[in-house]
Amino acid sequence: MLPTKVIKQIFNLLHSNISPKEIAFGFALGSIIGLTPFFTLHNLFIFFLLIILNVNISAGMLAVVIFGLIGYLTDPIAHQIGYFLLVKTKSLEGLWTSLYNMPIVPFTRFNNTVVLGSLVISLVLFIPIVIFTEKFIVFYRNNLSKKVEQLKIIKLIKASGIYNFYKKFNP
Amino acid sequence: MKFIRWKAVIPLLVFIIGITILCVFFLDTIIKNTIISIGESIFSAKVEISSLKTKLKNMSIEINGIQVADKSDPWKNLFEIDRVKFGMKFIPLLSKKVIIDEMSTEGIKWSTKRKTYGGLPPKKLKKIEKKKRKEEETFTSKLMAKLQEKAKKEIETLPAVKNAKELEKELKSIDINKLISETEFESKKLIEALQTESSQKYQNYKNEIQNLNVDEQIKIVKSLIDDVSSIKIEKLEDIKTAQEKISQLNEKKKSLEASLEKLKKLKTSIESDFIETKEISKKIEQAIENDYKNILNKVKLPELSKGNISRALFGDLWINRVNNVIYYIHLARKYFPPRKKEEKKTLRQRAKGIDVVFHKENVLPELWIKKISISGTTGGEGKDNENAITLSGVVNDISSDPALINKPTTLKIEGRKLTRQYLIEGIFDHIKETPIDTISLNIKGPGIKEFKMPESQFIPKIEDGTLNIQSSFTLKGDEIDCRMNLSIEKIKFSKTGSSKEGEFQDELKKIIDEIFQSIDRIFLTAKLYGKMDSLTTELDSNLDDLITNKLKSIYGQKIQEFRAKIKSEIDKNITQPKEKFLKEYSEKKEELEKIFSSKKASIDEQKSQIEKKQEETKDKINKATEKEKKKKEEELLKKLLK
């Protein structure tokens with residue numbers, strides 16, 4: 001996804017009538033996919049949730065891209081957390097051993113330090129991301145949206161064909 | 001707000017079903033490509049599969065026409081397999097565990113000709129090698145690198161034949177006179193040092209003897225003796241004077257005795273300092289011998305020593321064979337690693353993070369192939385199919401966690417046809433913490449053409465012969481022990497020699513050719529053992545004795561002549577100063593001994609003179625006393641008679 005497209009998408013979401021809650025939950029679910037390594041079973045599950053639950057899919061996709069980039073930075077921390085939970089924490093050893101020998105669960109690759117660590121990070125950040133995103137959208141729509149609309153660059157974006165095409169399908 | 005987006009459920013279901021159908025439809029292709037990709041990364045050469053069929057009903061896979069190219073010879077296959085068939089258990093698959101009760105592998109062939117080039121594109125190969133370098137910092141990979149390094153060294157070691165050529169060249173090019181003039185002789189230095197030392201000692205001893213003043217003392221004694229001799233003892237007063245002289249003589253005698261004692265001590269010291277000329281000569285001879293050795297070392301004449309030939313001819317082949325076996329053991333250790341039984345988890349490094357494997361007793365390992373039935377042939381495309389032997393065998397208990405199933409992986413493949421026999425046995429015991437991998441290979445009776453034999457510019461090509469190999473390769477922990485007995489019977493060598501015709505059109509070539517034409521059997525014993533840092537290779541074959549002895553008899557004479565010449569040149573340079581020194585040395589010793597003897601004789605003589613004179617004087621005193629006594633008696637008698 002090109003940076004201009006990402007900016008456009010953010011702008012469109014903020015200036016739409018979609019409920020802040022839907023956007024916030026979609027964004028938070030997408031953050032899980034973005035922060036954790038992509039090809040894992042839990043990400044497939046989150047992806048299904050993103051589609052089935054009444055949350056904003058665009059916000060989710062946007063979060064996948066944004067948090068995918070952030071994920072590269074958090075991988076070393078994720079590895080440390082995963083290593084601590086999988087290797088250092090003796091009390092959890094029994095749980096991991098049972099999970100490891102259960103059907104289906106090993107396909108989640110939970111036994112990988114980066115996968116588990118990043119999943120823990122994304123789950124811990126889930127509620128804060130929901131609250132922060134929702135509050136930011138409300139604040140933006142009440143205080144900043146009109147000012148931003150007056151910016152030349154936004155006018156240019158709005159004038160582009162893509163925006164109009166998008167507006168057709170997202171009133 | 002509605003919680004679920006019902007409108008999306010049906011499209012999602014349709015999407016899932018679509019994806020599933022697509023996966024099932026392309027499952028064969030996905031698995032095939034995965035196998036090819038893994039195979040290419042393992043063998044660093046092209047891997048091809050004609051067809052792959054999966055049956056979800058019984059979870060079975062059938063792979064036909066596997067060809068793995070040989071990276072060292074891309075127009076040949078490392079091996080090919082006609083058909084591999086196996087079924088997996090469904091329930092363990094859900095837990096990411098592949099359990100195979102029986103796998104059949106049919107039509108294994110190796111070193112067969114390929115119709116297409118089997119090398120990988122350079123870009124892909126580079127990528128694979130880079131990945132391998134990153135991953136393979138294991139003990140076995142290090143050992144393989146060490147063995148390769150050793151193989152290189154073995155080739156660098158020159159065989160006697162090459163040495164003979166070099167020897168001839170070397171002998172002609174050496175200027176002995178220049179060599180001698182440029183050499184600093186240790187023996188010369190030794191002679192000079194000994195000369196200075198002996199002169200100094202000689203002078204010291206001479207001075208010490210001089211300081212004893214023996215001649216002076218003798219002079220005094222003589223005059224004293226003369227004095228005593230001149231005394232006429234007639235009166236009582238004369239007796240007194242004589243007695244005084246006797247005591248003076250006594251004193252001088254004591255002083256002479258003290259000087260004699262000192263002289264004797266000096267003699268002992270001289271004897272220890274001036275050792276026998278024979279011994280000093282021996283010392284010098286030793287130094288001359290060292291000089292001779294040093295000059296020979298400078299020349300570095302190639303040794304026609306035994307052992308060089310088998311190392312050069314078979315060293316590379318032997319170490320590469322060991323390396324191949326180590327590579328397969330390396331794969332076995334990599335994919336079926338040993339672990340401590342009480343260990344609850346193991347860590348495996350991945351590109352991103354670490355995979356932690358949690359072990360649990362009485363559960364299935366990630367992979368367990370209980371039995372693989374194998375059948376194959378020594379024939380195949382581009383090989384001797386008329387005399388091909390059919391091979392069959394089994395591999396039992398391949399497991400990703402051998403400690404969990406408590407069984408080692410075993411292998412037994414055999415084939416027999418008339419007098420020819422192949423037997424490969426292997427045990428890969430990774431149950432305990434220290435893995436023990438053993439592979440034994442026994443081959444009896446096949447023609448030499450079936451094998452890639454070493455080629456060398458020094459020996460003619462082997463045209464025919466039957467081969468027998470008994471070998472065993474053991475890797476216990478990090479200690480290797482490999483042994484091989486190889487014999488080639490009814491051997492026939494090509495008369496034309498090797499491809500380097502020009503080099504062999506000389507006398508040496510004729511000799512070598514003659515030797516090889518007379519050989520009808522080659523046997524070789526090869527050993528490689530020890531730990532990685534101290535690997536020892538031993539190679540011995542009858543070729544060593546045969547060729548070396550023949551060459552020694554021819555070139556030995558030339559070497560002897562050369563050495564004799566060097567020896568005579570050294571002698572010329574050293575003999576004169578040596579003889580001069582030895583003469584001076586013995587002269588000095590003799591002179592000191594002479595001085596000692598003369599001084600001793602003088603002292604002894606004077607001592608006896610003193611003793612004699614003392615006796616004489618005492619007699620005189622006694623007589624004079626008697627005379628005086630009689631005189632006094634007569635005077636007294638006269639007085640009484642008056």
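Every chain is numbered from 1, with letters handed out A, B, ... down the list of sequences.
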| query | Checking heavy atoms, do the side chain of B:K97, its backbone, both or neither come under 4.5 Å from chain A? | reply | side chain
| query | With distance as the sole criterion, is a donor-acceptor pair present between the side chains of B:S60 and B:N58 under 3.5 Å? | reply | yes
| message | In terms of relative ring orientation, are A:F27 and A:F67 parallel, tilted or perpendicular, with 30° and 60° separating the classes? | response | perpendicular
| When you measure from the side chain of A:N56 to the backbone N and O of A:E22, does any donor-acceptor pair fall under 3.5 Å? | no
| Do B:I405 and B:K370 come close enough that some side-chain heavy atom pair is under 4.5 Å? | no
| remark: Listed by number, the residues in residues 37-47 of chain B that come under 4.5 Å of chain A (heavy atom to heavy atom) are none
| query | Using a distance-only test with no angle check, is there a side-chain donor-acceptor pair under 3.5 angstrom linking A:H79 and A:T113? | reply | yes
| A:I57 portion near chain B, given a 4.5 angstrom heavy-atom threshold | both
| request: Take atom CD1 of B:I10 as the centre, draw a 6.0 Å sphere, and report whether it contains more than 12 heavy atoms from other residues, nucleotides or ligands. | output: no
| said: Rounded to the nearest 0.5 Å, what separates atom CG in B:N64 from atom NZ in B:K85? | reply: 10.0 Å
| Heavy-atom contacts under 4.5 Å, residues 12-30 of chain B to chain A | B:L12, B:I16
| said: For B:K407, I'd like to know if atom NZ has over 12 heavy atoms of other residues, nucleotides or ligands within 6.0 Å. | reply: no
| message | If we check side-chain contact (heavy atoms from CB on, under 4.5 Å) with B:W368, which of these qualifies: B:D101, B:D397, B:I398? | response | B:D397
| query | When you measure from the side chain of A:T89 to the backbone N and O of A:S91, does any donor-acceptor pair fall under 3.5 Å? | reply | no
| Can you tell if the side chain of A:Y100 reaches within under 4.5 Å of the side chain of B:V357, non-hydrogen atoms only? | yes
| request: Would you please name every residue forming a side-chain contact (heavy atoms from CB on, under 4.5 Å) with A:D75, sequence neighbours left out? | output: A:V114, B:K352
| remark: Under a 4.5 Å heavy-atom criterion, the part of residues 117-137 of chain A in contact with chain B comprises none
| task | Using a strict cut-off of less than 4.0 Å between a Lys/Arg side-chain nitrogen and an Asp/Glu carboxylate oxygen, indicate whether B:R83 and B:E62 qualify as a salt bridge. | result | yes
| field | Candidate list B:D401, B:D437, B:T409, test side chain to side chain donor-acceptor pair (under 3.5 Å), partner B:H430, passing option | value | B:D437
